[in-house]
> 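First, the structure itself, so that you have it in front of you.
Note: hydrogens, waters and symmetry copies are ignored here, and every other heavy atom, side chains too, is used.
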Amino acid sequence: MRAAGHSVRTRLRDRIAASDPGLLRLTAGLRTVGAIALTLAVLSLLGTDVPHLVAGAMAAMVATFAIREKQPGAQAVTLALGLPVALASVSLSAVLGERRVVGDAFFVVLIFCAVYGRRFGDRGTALGLIAFQVYFLSLFVGATVSALPGLYGAITVAFASSAVLRFAVVPATPAGVLVRLRLAFRARLAQLVSAQLDLLDAGEDDMDKALQAVREGTARLHETAMMIQGRLEEGTPDESAARLVQRRIADAEIAAERLGLLLLSARTAERADTLTLHLPGAPAPAVAVPAVPDESFATLRRDLRALHTLVLRAGDDSGTALAHVRNRLLGYRDEENLPPASAAVQDVFRGIGEAARAVLGLRIALDGPQDESDDSPATARSREELDAEEAALDGGAEEPAQEEQTGLRRPTTRAAVQVAVGSSLAIAGGELLSTQRWYWAVLTCWIVFINTSSTGEILVKGYRRLLGTVFGVVAGIALAGLVGQHTVTAFALVLVLIFAMFYTAPLSYTLMSFFVTAMLGLLYTLLHTYSYDVLVLRIEETAIGAVCGVVAAALVLPVQTDRRTNELLVTVLDRLAEVAEAAVGQLSGGPADDLLDKARDLDQALADLRAATQPLTHPVTPLRARRDTARYVVALLETCAYHARTLAATAELLPTHPSIAADPRLRGAAGRTVRNIRAIAARVADEHAGTKAETGPSIASLLGSDAGTPRYGRITDRVLRHLERLDEAVAGLARPLGVPVETPGR
């Protein structure tokens with residue numbers, strides 16, 4: 001019974017870890033709700049009236065979510081600086097409240113300064129956010145000069161409560177967050193292996209569904225790897241430890257993605273195209289192998305389940321059964337240990353062996369040395385390879401200094417000017433609707449500019465906020481009717497809605513807006529200002545604010561979506577060329593380079609591009625052909641990034657792996673691929689550029705090789721395969737991007 005209970009707890013922990021990597025959303029929700037609850041409890045004991053309770057609750061929320069630094073010391077400094085900023089903001093709001101024109105003008109200046117402050121990093125962003133939100137809450141509760149002493153007290157209690165929750169009750173150190181992210185990576189890796197097992201067993205009618213699950217699992221694993229990458233510097237004791245974890249995470253991610261491709265190839269009529277794993281909605285290739293064909297597939301099914309167990313119990317040293325499972329899977333890396341099967345199925349067994357090696361490497365990097373008494377010769381060789389790779393890792397090269405943009409070219413300056421103009425329009429339009437609630441329009445205008453860079457992104461965010469607000473008004477009406485004037489019940493529901501708001505914010509902006517608006521309905525009830533007309537006015541003010549934000553973004557220093565995506569696309573292509581050229585150079589015998597960092601720079605650039613194309617790929621966009629083209633291009637780039645990452649990881653094995661040796665012929669053969677990437681980037685940057693992409697013989701033929709290349713010759717067939725797939729994917733980018741393609745000699 002105890003073992004069963006432990007198993008249930010472990011599964012529940014893994015499920016939570018996978019759904020919320022690092023427990024970042026749960027931590028944010030609990031910390032914010034706890035700060036608000038503590039503030040309300042203290043203020044209630046002091047006999048504070050309801051308006052001051054509301055002000056304290058809102059100040060506690062702002063003081064908690066505004067601070068984004070990772071180190072506790074930096075968080076404490078920002079929180080300490082935030083209190084005087086908040087007190088100054090509420091004071092100015094109260095003093096200027098009766099001077100409408102001067103107050104509105106100051107609000108616009110404050111908004112400009114708050115947005116401009118983002119150029120000073122997390123601290124500047126936090127202090128600007130605190131100044132704006134506290135000014136807003138003073139308008140919400142109708143702050144006056146006579147009420148300032150009570151508001152000072154409420155805000156001070158709110159900041160103190162936020163500090164207690166942040167540093168004592170729900171602390172989150174960089175090292176602790178990184179540990180939870182690693183747990184999430186393991187859980188998501190196990191989920192991906194489980195989805196791959198379903199792909200193996202899927203019938204013809206279920207292949208599309210199973211393939212979609214593998215796509216989603218691959219994307220979620222990559223998302224967690226990127227989150228870990230962003231936390232390594234602060235969460236590890238030194239640079240060498242960070243680089244080792246980075247390397248092992250990359251190995252595991254590449255091995256898992258490759259295993260999915262090999263499985264798909266084993267089930268279908270021909271070798272699966274990598275694009276199939278990255279293009280949403282792409283149909284599964286035709287099934288050529290039944291779900292339960294022969295003994296080799298039964299063995300494959302058993303070993304996939306064993307790999308799943310190995311991933312889930314990566315930190316468990318108990319017993320010898322797990323060691324025997326690991327030994328068997330690692331044995332597939334040796335040719336003589338492969339079960340009799342077709343070439344495609346044997347490739348899957350090799351993929352399982354490589355995935356088991358990646359899990360072993362991850363286990364050693366994260367938890368240190370293990371018991372080696374039950375190791376087989378294959379496992380011992382894998383450990384020796386991993387030890388040699390660790391010894392070969394050195395410090396990363398210094399990153400080149402980024403070119404500093406100045407004046408109105410700087411994104412923070414441009415955004416500050418845009419939001420100031422938009423807020424001025426929102427104040428004017430909002431006051432036409434209501435001289436009391438106009439600030440809702442300003443808040444919406446402010447929010448649609450947060451974390452957006454183009455007119456299209458602002459339009460989509462404004463649409464989502466309006467949609468969430470409409471449904472939130474309906475919920476607010478229902479909740480207000482149920483709660484009535486029961487203050488304790490209303491505040492309890494407010495806490496629930498705030499937790500839901502923070503927990504869902506990274507997942508859906510529409511859902512977050514829904515919970516915010518429903519919560520406001522309850523706050524209006526507590527302030528005795530609730531009415532159906534007030535909530536309808538909330539929708540109208542939100543619509544005005546969204547429109548003003550879009551108008552300002554479109555007319556004042558505009559950044560068109562096409563221009564923004566083209567800039568990011570050029571960055572992705574430049575990063576892709578750097579990774580490909582450096583990896584091929586090292587595989588050709590050139591000097592070692594910092595391939596891991598280059599590969600992660602490529603991943604980050606691709607993530608930025610994926611976010612920027614959301615306006616183009618949004619389901620409601622009327623430009624269907626453009627949407628499909630954007631999705632296809634991003635999927636092709638993800639395919640290129642996968643092959644480039646794999647080449648980079650293989651190149652870093654050169655000093656330690658006996659089956660990989662440098663071959664000078666690679667540099668010349670892969671030169672066409674790099675030239676094509678740069679040609680496409682030049683054409684995207686300048687549509688009048690005369691560059692062209694080239695096609696020609698396969699890379700294998702350029703090397704004087706064919707499909708019979710020995711698996712463990714001077715150049716492994718895996719390197720050739722990834723080079724050819726990268727070359728094909730890059731050539732495929734030319735057509736949707738309008739780059740002419742020519743074949744030399746024709």
> Checking Arg563 now: which residues fulfil salt bridge (Lys or Arg N to Asp or Glu O under 4.0 Å) with it, not counting sequence neighbours?
Glu567
> Pick from Ile36, Val33, Val494, Thr39: which one makes a side chain to side chain contact (heavy atoms under 4.5 Å, CB included) with Met61?
Ile36
> If the condition is side-chain contact (heavy atoms from CB on, under 4.5 Å), which residues does Ala131 pass it with, not counting sequence neighbours?
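Here the qualifying residues are Val85, Leu110.
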> Quick one: are Trp438 and Ile544 in side-chain contact, heavy atoms under 4.5 Å?
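The answer is no, as the side chains (C-beta and beyond) never meet within the 4.5 Å cut-off.
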> Excluding sequence neighbours, so at least two apart, what forms side-chain contact (heavy atoms from CB on, under 4.5 Å) with Asp608?
Leu568, Gln604
> How long is the straight-line distance from CZ of Phe514 back to CE of Met501, given to the nearest 0.5 Å?
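Output value for this atom pair is 13.0 Å.
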> Any idea which heavy atoms bring Gly56 and Leu43 closest together, and the distance?
CA-CD1, 4.1 Å
> With a 3.5 Å distance limit and no angle check, can you tell me whether Thr48 reaches the backbone of Ser44 through a side-chain donor-acceptor pair?
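Between the backbone of Ser44 and the side chain of Thr48 there is no qualifying donor-acceptor contact (under 3.5 Å).
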> Please confirm whether the backbone N or O of Thr125 pairs with a side-chain atom of Arg118, one donor and one acceptor, at under 3.5 Å?
no
> Can you tell me how far the CG atom of Leu606 sits from the CG atom of Asp601, to the nearest 0.5 Å?
12.5 Å
> Where the side chain of Thr64 meets the backbone of Ala60, is there a donor-acceptor pair that is under 3.5 Å apart?
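Yes, because the side chain of Thr64 sits within donor-acceptor range (under 3.5 Å) of the backbone of Ala60.
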> May I have the step-by-step check of side chain to side chain contact (heavy atoms under 4.5 Å, CB included) for Trp440 and Leu537, ending in yes or no?
CA-CA 9 Å; Trp440 288 121; Leu537 180 63; over 6 Å; no
> Taking ring-ring contact (aromatic ring centres under 6.0 Å, His included) as the criterion, tell me which of Phe449, Phe106, Tyr439, Phe107 meets it with Phe132.
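Exactly one option meets the ring-ring contact (aromatic ring centres under 6.0 Å, His included) with Phe132, and it is Phe107.
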> Would you please say whether a donor-acceptor pair under 3.5 Å links the side chains of Thr78 and Arg123?
yes
> Does either side chain, that of Glu541 or that of Ser434, offer a donor lying less than 3.5 Å from an acceptor on the other one?
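There is no such pair (donor and acceptor under 3.5 Å, judged by atom type) between the side chains of Glu541 and Ser434.
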> Show the nearest heavy-atom pair for residues Ala172 and Val177, with the distance to one decimal.
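Smallest heavy-atom distance, with atoms named: CB-CG2, 4.1 Å.
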> Do you know the tightest heavy-atom contact between Leu129 and Phe65?
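Closest approach of Leu129 to Phe65, heavy atoms only: CD2-CE1, 3.4 Å.
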> As a quick check of understanding, evaluate side chain to side chain contact (heavy atoms under 4.5 Å, CB included) for Tyr463 and Leu466, giving each step before the final call.
CA-CA 5 Å; Tyr463 155 77; Leu466 182 59; 5.9 Å; no
> Does some side-chain heavy atom of Leu148 sit less than 4.5 Å from a side-chain heavy atom of Tyr152?
yes
> Would you compute the distance between atom CG of Asp104 and atom CD1 of Ile427 and round it to the nearest 0.5 angstrom?
4.5 Å
> Nearest 0.5 Å, what's the CG-CG distance between Leu523 and Leu137?
11.0 Å
> For Glu540, check salt bridge (Lys or Arg N to Asp or Glu O under 4.0 Å) against everything at least two apart and list the hits.
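Checked Glu540 against salt bridge (Lys or Arg N to Asp or Glu O under 4.0 Å); zero matches.
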> Quick check: do Met58 and Gln133 have side-chain heavy atoms less than 4.5 Å from each other?
no
> Is it the case that over 12 heavy atoms from other parts of the model lie below 6.0 angstrom from the CD atom of Gln71?
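Count over threshold, so yes.
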> Hey, could you give me each pair passing side-chain hydrogen bond (donor to acceptor under 3.5 Å, both in side chains) that has a residue in residues 486-503? Not counting sequence neighbours.
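Pairs touching residues 486-503 that pass the test: none.
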> Can you name the nearest heavy-atom pair linking Gly150 to His52, along with the distance?
C-CD2, 3.3 Å
> Measure the CZ-CG distance between Arg180 and Leu24 for me, rounded to the nearest 0.5 Å.
7.5 Å
> Which heavy atom of Leu139 sits nearest a heavy atom of Ser93, and at what distance?
CD2-OG, 4.0 Å
> Does Leu459 reach the side chain of Val448, with side-chain heavy atoms less than 4.5 Å apart?
no
> Going by the angle between their ring planes, with limits at 30° and 60°, are Phe120 and Tyr116 parallel, tilted or perpendicular?
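Plane angle over 60°, so perpendicular.
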> Could you check whether any side-chain heavy atom of Ile447 comes within less than 4.5 Å of a side-chain heavy atom of Thr444, counting everything from C-beta outward?
no
> Does Ser423 reach the main-chain N or O of Ala420 with its side chain, forming a donor-acceptor pair under 3.5 Å?
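Pair absent, no side-chain N/O of Ser423 close to backbone of Ala420.
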> Working note: Val62 + Phe136, criterion side chain to side chain contact (heavy atoms under 4.5 Å, CB included); need CA distance, chi angles, decisive distance, verdict.
CA-CA 11 Å; Val62 173; Phe136 170 82; over 6 Å; no
> Are Arg166 and Gln75 side-chain neighbours, meaning at least one heavy-atom pair lies under 4.5 Å?
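Contact flag for Arg166/Gln75 side chains = yes.
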> Does a side-chain heavy-atom distance below 4.5 Å link Pro506 with Arg25?
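Yes, at least one pair of side-chain atoms sits under 4.5 Å.
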> Taking all atoms of both residues into account, what is the closest heavy-atom pair of Thr224 and Pro21, and its distance?
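Shortest heavy-atom separation between Thr224 and Pro21 comes out as OG1-CG, 4.0 Å.
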> Should we say atom CZ of Arg100 is surrounded by more than 12 heavy atoms from elsewhere, each under 6.0 Å from it?
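Yes, because the 6.0 Å sphere around CZ of Arg100 holds more than 12 heavy atoms from other groups.
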> Does anything in residues 504-523 form a side-chain hydrogen bond (donor to acceptor under 3.5 Å, both in side chains)? List the pairs, not counting sequence neighbours.
Arg465-Tyr509, Thr517-Arg538
> Hey, are the side chains of Pro174 and Pro72 touching, using non-hydrogen atoms and a 4.5 Å cut-off?
yes
> Once you round to the nearest 0.5 Å, how far does CG of Leu79 lie from CD of Glu69?
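Rounded to the nearest 0.5 Å, the CG-CD separation comes out at 10.0 Å.
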> May I have the step-by-step check of side chain to side chain contact (heavy atoms under 4.5 Å, CB included) for Val460 and Gln614, ending in yes or no?
CA-CA 8 Å; Val460 170; Gln614 285 186 359; 5.5 Å; no
